[in-house]
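Comments concern the structure below.
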Amino acid sequence: MVGVLLIIGVVVCLAGRADVTIAGGTVGVVTGVGRLGHRRRFDGADVWDVRIDSVTSGFGSDEVTRKFVAVELDGGREVRFGDGLPEDRRLFVAAALRQRLR
């Protein structure tokens, strides 16, 4: 099981994508590889905040920090994506979402 998860992680890192679409008032986020992916949809009117956030895991020299785009929705729900994006693209996506979802 660990080997399978490791292989999936490598494939996502090498060929993964994060697509964000806004149609009408609905926002769709797709992360994955090719036609396989995790799809999330939410109403743009429910967005409270869009920010760059991070999570640190591990200890000492094994500590790893992952940064991602976090979209906070009504009721405290959060949609996170983009941890595999380069920093400049992550900043661009967050700024574009902030501007479009005002």
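What you see below is based on every heavy atom in this structure, not just the backbone, and it leaves out hydrogens, waters and symmetry mates. Position 1 is the first residue of the sequence, and the numbers go up from there.
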Would you say Arg89 has more than 12 foreign heavy atoms packed within less than 6.0 Å of its CZ? no
If you group Ile, Leu, Val, Met, Phe, Trp and Tyr whenever their side-chain heavy atoms sit less than 4.5 Å apart, what else falls in with Phe68? Val55
Please indicate whether Gln99 has more than 12 foreign heavy atoms, meaning atoms of other residues, nucleotides or ligands, lying under 6.0 Å from its CD. no
Determine whether more than 12 heavy atoms belonging to other residues, nucleotides or ligands lie under 6.0 Å from atom CZ of Arg66. no
Strictly distance-based, threshold 3.5 Å: is any side-chain N or O of Arg90 a donor or acceptor partner for the main-chain N or O of Ile52? no
For Ala70 and Asp53, work out which heavy atoms get closest and say how close. CB-CB, 4.0 Å
Could you give all pairs that pass the side chain to side chain donor-acceptor pair (under 3.5 Å) test and reach residues 37-46, with sequence neighbours left out? Thr31-Arg40
May I ask you to test the Val47-Leu73 pair for a side-chain heavy-atom distance under 4.5 Å? yes
Shared hydrophobic cluster, Ile22 / Val69 (ILVMFWY, side-chain heavy atoms < 4.5 Å): yes
For Arg100, I'd like to know if atom CZ has over 12 heavy atoms of other residues, nucleotides or ligands within 6.0 Å. no
Which heavy atom of Thr65 sits nearest a heavy atom of Ser54, and at what distance? CG2-CB, 3.9 Å
Quick one, Phe81 and Val30 - any side-chain contact, counting heavy atoms below 4.5 Å? no
